[in-house]
Amino acid sequence: MRCFLYNFCSKNRITKNMINRIENRLKIIYPMDSQTLIRKTEQKLIKLIFMAVLFMTIIVLLGRVSFYFCIAGAVLLYAQGLNSIYSGYDRLEIKLLKQFEKFIQDIRFQFRFDGMLEEALQEAVQNSGYEMSLQGMKMIESLNAWKKEESVEVYEELAPNHLFLTFYALCETVIFYGDKKIKGKSLFLTNIGYLKEDINIEILKREKTRALFMGLTGVTILPVFSIKLIEQWGIHNMPELRGFYLEIAGAITTVFITAVSLMIYHIIMKLKYPIDFDRHKSQWVEEFLDIQWINRLLMKRISKKYHYYYNREQMLKSIVYPYNVKELMAKQIMNGGITFIIMLTLLTSIGLFRISVMGVAYGGFLLGIFLTVCSSVIAYHFETLNIMMRKMMLEIHREEEVVRFQSIILILMYMDRVTVELIIEWMEQFAVVFKNNLEMIADSLTYDGIQAFYKAKETISFLPYERILDCFIVSDRIGISEAFSDILSERIYYIEKHKQENEVILNNKAVVAKTIAFIPLCLVIIAELIVPFVYYGLKQLSAFKL
């Protein structure tokens, strides 16, 4: 049964994109075990199908085969399904981080006595949890292939996050350069200690985020499902309200509350999860661009305003956006077109196009077209809101990325034969916020030399990152280890500072999320309870005066 469901959904055009989204994320956790990957995907798929069938049954029963309510419920059900997937990923990554923390403790214990890293890795893998053992085996396989210069999928492309990548970088440097004693202490063990502290901070941050955002998506979505219950209760107690609830006013109210709930849900998801949490590209966008005349139309539009779209492409790269500018345009067109079709279908089903408004015979038709076009325009530009939010979140994470760079520099700065080019190369692999700037340095360093750092400083206005660039400039005269001699104290300062700022940022995010999460509930109370009864009361009072 499981195999049939998996095969059917992975080949079905409607569900294939969702299956790819699930598999791509699980592949990060289970990099070597294809059977486990398929089994976990099947388990997740069965849960989603069960939840979908259950909720759609409730929606149909509540809606009494109301087409617009069923569509609204299906859209929100899809959103809740995505939240279920993301929440599962988050729990799994927290579990993996906890296993990783124990893993590096075991490495540190073994390495301290014999100084043999590969034996320590093998021993730690055997004592690890299942998920971490897969990651450890993949690290060992990649390190062995790297030593023998064999072609194999490198671990840098598979690492779940920057913490695993940092550890792998430590292993490579120890194997290639060997361990060094700095002030009588092992450099490898010292860096492992810093990494363990970073892992603990990340675990605490994720667990606190889960606690602060717990239940908010439910609070956002569930009020929509209560609309029909409120309408049935209102009609039972006051049959005169049937004309409000079951006619066009009630339908438009439901559609409006659903749209607002969906937007708020989306904002909460962006606040809750990291910016690089979902790097999956929609397959629908790729298939849409495969249509030749659409592709030619977009290319013609880009060529007419080449400089504008070139700058936009650079901006998308700077925020590590998963789509390029042409794919973004295709996605916006798809969003607008799908919204236009859905709104046109909904407004037709409720009969808005057939009524007169304010005595105008075609008033309903004009109002319907206006609402449909406005909804499509909002949907078209909604991706712009996503990009703005992504830029804001990246601004928040700048200091955290500087701490990552400092960790990399601490790993490499004391090693013999280490060059500025090598450090920049490693930093580029860890970069998200400053990736575009580091790529510019890497491209121009060979022929511009130190001038490449001066040019990079002109495009960045963030003091901690500028200080790192200043140290690279000075290293040309006094050497790398001397130039970065104060980086340890700076790293400790920024970690403590980031801890405090992280608390404030998380609390502010939670306050915003909790505030907007209750907007759908307030809208349901006002639009479904207060407005109808007040309207009926005023109508009765007017009739009584006459």
Side-chain angles (χ1 to χ4, degrees), residues 14 17 59 63 66-83 217 220-221 223-225 227-228 231 244-270 282 284-285 288 294 297-298 301 323 327-358 360 362-389 516-517 519-524 526-528 531:
I14 298 174
N17 195 55
I59 290 166
S66 169
F67 179 75
Y68 64 86
F69 185 73
C70 290
I71 292 292
V75 170
L76 290 179
L77 181 61
Y78 174 78
Q80 184 58 28
L82 280 180
N83 177 61
T217 52
T220 304
I221 290 173
V224 178
F225 297 110
I227 288 175
K228 282 296 172 184
E231 289 180 357
F244 181 88
Y245 285 134
L246 302 184
E247 297 297 332
I248 294 172
I252 291 177
T253 300
T254 301
V255 172
F256 175 73
I257 293 173
T258 303
V260 172
S261 301
L262 197 62
M263 289 180 65
I264 290 171
Y265 158 83
H266 186 80
I267 293 170
I268 290 173
M269 291 282 283
K270 292 294 182 184
S282 174
W284 292 104
V285 174
F288 185 68
I294 291 176
L297 186 68
L298 291 178
R301 183 177 170 185
Y323 297 96
E327 291 168 340
L328 171 62
M329 292 163 68
K331 195 170 190 295
Q332 288 181 308
I333 292 170
M334 287 179 63
N335 290 344
I338 291 169
T339 304
F340 183 87
I341 293 168
I342 291 174
M343 285 298 295
L344 198 64
T345 306
L346 285 174
L347 296 178
T348 302
S349 69
I350 64 179
L352 180 61
F353 293 104
R354 298 191 302 269
I355 67 168
S356 61
V357 176
M358 299 178 67
V360 180
Y362 296 101
F365 177 80
L366 296 173
L367 179 60
I369 293 297
F370 175 76
L371 292 174
T372 303
V373 171
C374 285
S375 301
S376 301
V377 171
I378 292 170
Y380 179 87
H381 289 289
F382 190 70
E383 202 60 31
T384 305
L385 175 64
N386 286 338
I387 292 169
M388 289 172 60
M389 288 185 65
I516 64 176
I519 290 176
L521 179 61
C522 296
L523 285 176
V524 169
I526 293 170
E528 294 292 326
V531 170

Student: Going by heavy atoms in the side chains, are T253 and V531 under 4.5 Å from each other?
Tutor: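 Not touching, per the 4.5 Å side-chain cut-off.
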Student: Quick one: list whatever passes side-chain contact (heavy atoms from CB on, under 4.5 Å) with L523, sequence neighbours left out.
Tutor: F256, I257, V260, I519
Student: For A517 and I268, work out which heavy atoms get closest and say how close.
Tutor: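 The pair with the smallest heavy-atom distance is CB-CD1, 3.8 Å.
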Student: With sequence neighbours excluded, tell me which residues meet salt bridge (charged side-chain N to carboxylate O under 4.0 Å, His left out) with E231.
Tutor: K228
Student: I'd like to know whether L298 forms a side chain to side chain contact (heavy atoms under 4.5 Å, CB included) with I333, so could you lay out the CA-CA distance, the side-chain angles of the two residues, the decisive distance to 0.1 Å, and finally the verdict.
Tutor: CA-CA 10 Å; L298 291 178; I333 292 170; 3.7 Å; yes
Student: On a heavy-atom basis, which atom in S261 and which in V224 lie closest, and how many Å separate them?
Tutor: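 Nearest heavy atoms, S261 then V224: OG-CG2, 3.4 Å.
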Student: For L371, what residues pass the side-chain contact (heavy atoms from CB on, under 4.5 Å) criterion, not counting sequence neighbours?
Tutor: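 Once residues adjacent in sequence are excluded, the partners of L371 under the side-chain contact (heavy atoms from CB on, under 4.5 Å) criterion are L347, L352, L367.
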Student: Of all residues at least two apart in sequence or in a different chain, which pass the side-chain contact (heavy atoms from CB on, under 4.5 Å) check with I378?
Tutor: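 side-chain contact (heavy atoms from CB on, under 4.5 Å) list for I378, sorted by chain: empty.
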Student: My understanding is that only residues two or more places apart in sequence, or in another chain, count here; which of them pass side chain to side chain donor-acceptor pair (under 3.5 Å) with T217?
Tutor: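 Side chain to side chain donor-acceptor pair (under 3.5 Å) list for T217, sorted by chain: N83.
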Student: Check residues 336-344 and write down every donor-acceptor pair under 3.5 Å in which the side-chain atom is one partner and the other belongs to a residue at least two apart or another chain.
Tutor:
from	atom 1	to	atom 2	distance (Å)
T339	OG1	N335	O	2.7

Student: Looking at residues at least two apart in the chain, or sitting in another chain, which of them share a side-chain contact (heavy atoms from CB on, under 4.5 Å) with V285?
Tutor: S282, L289, Y323, E327, A330, K331, M334
Student: To the nearest 0.5 Å, how far apart are CZ in F370 and OG1 in T372?
Tutor: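 Output value for this atom pair is 10.5 Å.
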Student: Could you grab the distance from atom CG of L521 to atom CD1 of I526, nearest 0.5 Å is fine?
Tutor: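 Going from CG on L521 over to CD1 on I526, the span is 9.5 Å.
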Student: In Å, rounded to the nearest 0.5 Å, how long is the span from OG1 of T220 to CE of M269?
Tutor: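 Interatomic distance, T220 OG1 to M269 CE, rounded to 0.5 Å: 11.0 Å.
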Student: Can you tell me which residue pairs pass the salt bridge (Lys or Arg N to Asp or Glu O under 4.0 Å) test with a partner in residues 252-266, sequence neighbours excluded?
Tutor: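 Residue pairs passing salt bridge (Lys or Arg N to Asp or Glu O under 4.0 Å), neighbours aside: none found.
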